[in-house]
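Atoms within each ligand, like the ligands themselves, are counted from 1 in listed order. Heavy atoms only: backbone and side chains are in, while hydrogens, waters and symmetry mates are out.
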Amino acid sequence: MAEPRPPVRRRDLEAVEIDLLAEGIYEAYGFDFRRYSRPSFRRRIWRRVEAEGLSSISELLARVLHDPPCMQRFLSDLSVNVSAMFRDPAFFRVFRAKVVPLLRTYPFVRIWNAGCSTGEETLSVAIVLKEAGLYDRTRIYATDMSEATVEQARTLTYPINKMREYTANYIEAGGTRSFSEYYAADGERVMFHPSLAENVVFAQHNLVTDRSFNEFHVILCRNVMIYFDRVLQEHVHKLLYDSLTHFGVLGLGGRETIELVSHRDAYVPLDETARLYRKVA
Ligand SMILES: C[S@@+](CC[C@H](N)C(=O)[O-])C[C@H]1O[C@@H](n2cnc3c(N)ncnc32)[C@H](O)[C@@H]1O
């Protein structure tokens with residue numbers, strides 16, 4: 001008979017509980033957090049443990065398994081959906097200058113905004129394409145793993161107090177119109193013009209567990225993979241690579257780079273500072 005194992009240290013026990021929680025969520029709900037960056041996953045777990053009035057990660061596991069609304073609350077904790085219109089204005093300035101001319105050469109353009117959060121990035125792209133006269137021949141697929149987030153994106157509404165920041169970003173990103181043309185204020189909120197979403201398909205899609213669903217001329221996946229470990233980043237990069245047309249453009253977030261992934265040789269920088277790459281192999 002095998003010798004009983006010596007008791008594990010408290011910290012190791014926590015790692016065991018986190019593994020079990022991630023495994024349980026994957027088995028029961030299909031959301032795969034097994035390879036999310038551990039420090040941030042751990043922080044969010046403990047925040048939820050406290051918010052639910054529990055005292056251990058194992059108790060949280062039991063609760064999420066038996067109480068789907070608790071799983072929804074936990075999902076909201078895990079979905080860091082901070083976004084902004086024309087976030088990193090320099091990115092959109094380069095997008096106008098270097099990506100738009102490439103898109104003019106296509107009769108029809110398909111763009112995938114993967115990890116679109118509440119739609120700010122999607123609407124920013126839509127505005128750039130409207131101004132370039134390309135929107136009518138473009139379809140933008142805007143997806144996020146969180147259904148609640150996608151639902152919010154579909155409303156096209158945002159707090160009015162964000163408009164000062166978004167207007168400044170728009171101008172810094174090369175916008176020359178009056179930004180307020182694009183929305184109508186209604187009390188504390190503004191609603192962006194529905195024509196901006198005419199050619200947008202908002203849908204739930206999980207980059208970890210779902211497959212490629214089309215071939216795109218541009219994929220923006222910005223500030224999503226920072227929460228993934230290296231193995232998961234590789235997995236998602238393969239999905240993005242498989243979903244890009246030859247000469248398609250990949251846009252990443254300011255703190256993300258293609259340099260560390262095995263597909264790096266398949267891309268050349270279109271603009272390294274803006275994290276825009278072109279698929280060449
Ligand atoms: C910080 S936001 C970035 C939003 C936007 N791309 C931007 O740069 O402003 C990250 C988004 O990625 C989404 N996300 C995280 N893991 C995902 C996954 N496995 N599949 C799809 N979306 C995911 C989150 O729900 C969140 O809305």
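Within the set D144, T149, I226, the minimum heavy-atom distance to atom 27 (O) of ligand 1 is found for D144. Comparing heavy-atom distances from atom 2 (S) of ligand 1 across T118, V80, L220 singles out V80 as nearest.
With ligand atoms numbered from 1 in the order given, ligand 1 contributes 24 (C), 25 (O) to contacts under 4.0 Å with heavy atoms of S79. Contact atoms of ligand 1 toward F228: 16 (N), 19 (N) (distance under 4.0 Å to a heavy atom of the residue). Atom numbering of ligand 1 starts at 1 in the shown order; those under 4.0 Å from a heavy atom of S117 are 4 (C), 27 (O). Near V208, meaning under 4.0 Å from one of its heavy atoms, ligand 1 places the atoms 19 (N). Of all the atoms in ligand 1, the ones that sit under 4.0 Å from a non-hydrogen atom of H205 are 20 (N), 21 (C). Remark: ligand 1 atoms within the under-4.0 Å shell around heavy atoms of R222 are 3 (C), 5 (C), 6 (N), 7 (C), 8 (O).
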Scan the side chains in residues 18-28 for donor-acceptor partners under 3.5 Å anywhere in the protein, sequence neighbours excluded, and list what turns up.
from	atom 1	to	atom 2	distance (Å)
D19	OD1	R38	NH1	3.1
D19	OD1	R38	NH2	2.9
E23	OE2	R34	NH1	3.4

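Ranking the protein heavy atoms by distance from atom 7 (C) of ligand 1 puts R87 NH1, 3.1 Å first. For atom 20 (N) of ligand 1, the closest non-hydrogen atom of the protein is L207 N, 2.9 Å. In terms of protein heavy-atom proximity, atom 4 (C) of ligand 1 is closest to G115 O, 3.4 Å. Nearest protein heavy-atom contact of atom 19 (N) of ligand 1 is N206 OD1, 2.9 Å. The protein heavy atom nearest to atom 8 (O) of ligand 1 is N223 ND2, 2.7 Å.
Among F31, F228, Y227, the one residue that satisfies the ring-ring contact (aromatic ring centres under 6.0 Å, His included) test with Y36 is F228. When the options R93, R278, K98 are evaluated for a side chain to side chain donor-acceptor pair (under 3.5 Å) with D271, the one that passes is K98.
Donor-acceptor pairing under 3.5 Å is lacking for the side chains of S212 and D242.
A salt bridge between E52 and R73 is present, with a side-chain N of the basic residue lying under 4.0 Å from a carboxylate O of the acidic one. For D77 and R47, the salt-bridge test fails: no basic side-chain N is under 4.0 Å from an acidic carboxylate O. Under 4.0 Å is where a charged nitrogen must lie from a carboxylate oxygen, and between R222 and D88 at least one such pair does.
Using a non-hydrogen distance threshold of 4.0 Å, Y36 registers as a contact of ligand 1.
Ring geometry for Y158 against F192 counts as perpendicular: the plane angle is over 60°, on a 0 to 90° scale with 30° as the lower cut.
Other residues, nucleotides and ligands place more than 12 heavy atoms under 6.0 Å from the CZ atom of R264. Within a 6.0 Å radius of CD in E59, more than 12 heavy atoms belonging to other residues, nucleotides or ligands are found.
Below 3.5 Å of separation, one finds no N or O of S146 facing any N or O of ligand 1. For ligand 1, one of its N or O atoms has an N or O atom of S83 under 3.5 Å away.
Both the backbone and the side chain of M145 come within 4.0 Å of ligand 1, counting heavy atoms alone.
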Review point. So N206 and D32, side chain to side chain contact (heavy atoms under 4.5 Å, CB included) or not? Walk me through it.
Key: CA-CA 9 Å; N206 192 321; D32 192 351; 5.9 Å; no

